[in-house]
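For reference, the structure is listed below as structure tokens.
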Amino acid sequence: MDVRSPKTPAGIGFRAKFILVVGGAVLFDLLVSGGLALWNVQRLSRDATLEVGQGLEAASQEYIRTYADSTAAQVSLLLRQVHSDVSTLAGVLQAQIDDPARNSDVGAAIARTSPPSVSLSYDQQGKWSQNAPGSLSVVSVWGYLLGQDQKPRPDVENDIRTSAVLDLVAPSLLRHGASKLQMYYIGSKERPIFRTAPYTDQAQTFDRLYPGHNEANFWDFFFPGLYESWQGWAKDMKTRPVADDITQTAPYTDAITGKLIVSFFHPLWTVDRKDVAGTAGADITLDQLAQTVENVKVAQSGFGFLAMSDGNVVAINSTGEKTLGLRAASGASGTGVTGLERSLKGSSQPAIAKLALDREQGIQHLLLQQDGNEIPYIVIVKKLPATNLWSSGPVRQEAMSLGVVVPEREIDASLYAAQAKISDATNRIVLYQILAILMSLLIVTIAVFAASKRITSGISALAGAAKRIQAKDYSVRVAIRSKDEVGEAGEAFNRMAEEISYHTENLEQLVEERTAQIEDAKEEISTLNAQLQRENRRLGTELAVAERMQLMVLPLDQELEEFQALEIAAYMRPAEEVGGDYYDVLKNGGRLKIGIGDVTGHGLESGVLMLMVQSVARALQEAGNTDAVEFLTNLNSALFKNIVRTKIDKHLTLAFLDYDGKEMILSGQHEEVVVVRANGEVERIDTMDLGIPIGLEADISAFIKTREIAFEKGDFILLHTDGVTEAENDAGELFGMERLCREAVRLKDLSAEKIVAEIVATLMHFIGSQKIYDDITLLAVRHR
């Protein structure tokens, strides 16, 4: 038969498994921790970018709003300063008008001190009069204000002199306050002389730019409808569009300087305030407004613009004009002031053309075309305080708007820079993290290989040594120097190998020794078994003899039936083969002696002592010993000597009933004696004071007492050993004296034999399957 030992299938070695498990666990941990770190870095980068972006965007937008607010405030301040200067000039002129005498005096004084201010020359070509250069102001008198002698009419001459007060005020106002191009006085519609400071070739320029102006009323030619609006205010100041006397013109080209200007008029009133007496005025160039607006510089190419409510842009730099796609156009109708048309509504940029100026909308995002690309811009529009505006016709309310336009990419430049720096920092962190992970993997790999080699070397040595043990090479030993569990396993293996080697080499000798020892033990056991069997047989024989002897000495039935006056019945059952209970009925002539006793314990020795009692008692009875006390004393003396000689460590309770046909005498110590009268009464007689246990003392005569028991016909006496009253049922309950007495009373009318049989039946039924631990003896003596 081919018997093959099972072989372990070839597989991965322990070291490879160790490396795979440990290395895999470490690799997994590194990848998880590294991945979490990278994810956290990426998330931190995204959060930082978002937070920075939101912060920069909010800051940029707030900066633009603040910039627009401050720029609007600067523009408003400039306009208010011009208003203030014009109002100052108007105040001076109005004061002169309101005080004609002083006005005349001032005019006369100036005429004396500054003749160039009031001395005019007629120009044949232009047909107007104008003072010569050298005065602080130029005053022009149009042809229709001259008389036939080409001199100003007298009322006009008066205006020329009184208006010379401009030379006292205007130069100072021009040098101080807001920057102004010129300040002037224009007479009433009836005498619209035109005095302007500083001096310019005023009428010559008008001739060149506005042909025909000398033939038309100045107001109607240059500012149609303006004068009539003021006349309406004179009648009801509430008709002013804005509660202010200052009227501002729309931007137009100045005929003298050729610059785009805005004029600010403050009408002068007649003394009675019911009509217009001319106006004080000042011009500022759009350059001055534009300077404030055009100085707006947000980011690199952000710009500002100032637009009328109709969208006409009055101030913007060239870059902004190009960016917003504005197209400028100046009127050259030859009459009136030449306006500027540069409306947002005409922009080439659709988003600008739709830009609403009627309300502030906060930050607006627009896409403007640049070089074929849509470039995102941020636009914010601020409305300036409303003013009275004249462009043509009646004066109306006007609120200019200041706009700030900034390319979003320039606003976002700092955001992009911050995002780029965050991205660069994130990339560096990620790179360093990857390098750290790779470095950790390298170190862990080297460490795992080194640890696996150190750990598995001992295990490999143990495995190799185990194979050599399997191949019956018991001389193998392992040398593991590590001080860990593997080292302890190596030491244990070496001890085991030594023991295996020792026991293997001495196995046969040990087997022979053990076999011999087993054979000797078996022979000894056989001998002991034989001895035990013989002893058992002997003891069995002895017990059988003792049992037989014990049964033989019990009174026979005919002996119990010999007494005519008494009916006697008895029952005894030993707990073992030989019991320790005693009862006997001894007759000597007409006297009867009934004894009952209980030897301590049971078995052979108890049975022998019981036989001794029976023998001695019968001998004493036969010897004619009728004294109950003497009888027990002699019986104890005989037994005490036998007990001492036989070294039986036992004694017994013993009591006797002596009956002579008349009296019943009780003596000796035993269980209670139960007397059941014919009428059912029960008398329980305690025998504790009638003696002591037999065999304890050599002489017990001093302890023996007797008691006479009344014993009439129908009465019966019940004697028992403690095997009756102390019998237990399955529940551990004792049969007891009370139950015995109840049974005796219940059976009082039966014969002694029936009484004993019924009580024994009741007792056995009570015991049931419970073991009988003590000998049971029961006697019934009925008086016939």
Do other residues, nucleotides or ligands put more than 12 heavy atoms under 6.0 Å from [X] [atom1]?
X: Glu524; atom1: CD; result: no
X: Gln564; atom1: CD; result: no
X: Arg573; atom1: CZ; result: no
X: Asp689; atom1: CG; result: no
X: Asn679; atom1: CG; result: yes
X: Glu523; atom1: CD; result: no

Residue pair Thr515, Glu512: steps toward the side chain to side chain contact (heavy atoms under 4.5 Å, CB included) verdict | CA-CA 5 Å; Thr515 303; Glu512 291 177 357; 5.6 Å; no

For a 4.5 angstrom cut-off between non-hydrogen side-chain atoms, does [X] reach [Y]?
X: Asp775; Y: Met572; answer: no
X: Ile665; Y: Glu708; answer: yes
X: Ile694; Y: Val613; answer: no
X: Arg746; Y: Glu758; answer: yes
X: Tyr773; Y: Glu726; answer: no
X: Leu652; Y: Leu639; answer: yes

If only atom types and distance count, is the side chain of Arg684 paired as donor or acceptor with the main-chain N or O of Val674 below 3.5 Å?
-> no

Just how far is it from atom [atom1] of [X] to atom [atom2] of [Y], taken to the nearest 0.5 Å?
X: Thr600; Y: Lys650; atom1: OG1; atom2: NZ; result: 4.5 Å
X: Leu586; Y: Gln614; atom1: CG; atom2: CD; result: 7.0 Å
X: Glu733; Y: Glu728; atom1: CD; atom2: CD; result: 10.0 Å

Do any side-chain atoms of residues 486-499 form donor-acceptor pairs under 3.5 angstrom with protein atoms, and if so which ones, sequence neighbours left out?
from   : atom 1 : to     : atom 2 : distance (Å)
Asn494 : OD1    : Val478 : N      : 2.9
Asn494 : ND2    : Val478 : O      : 2.9
Asn494 : ND2    : Gly490 : O      : 3.4

In terms of side-chain geometry, is the basic nitrogen of Lys748 or Glu681 positioned less than 4.0 Å from the acidic oxygen of its partner?
-> no

Test: Glu683 and Arg677 ion pair at under 4.0 Å | yes

Where Ala628 and Ser667 come nearest, the two heavy atoms and their spacing | CB-OG, 3.7 Å

Those residues that, when tested against Phe735, pass ring pair (Phe, Tyr, Trp, His ring centres under 6.0 Å) (two or more places apart) | Phe766

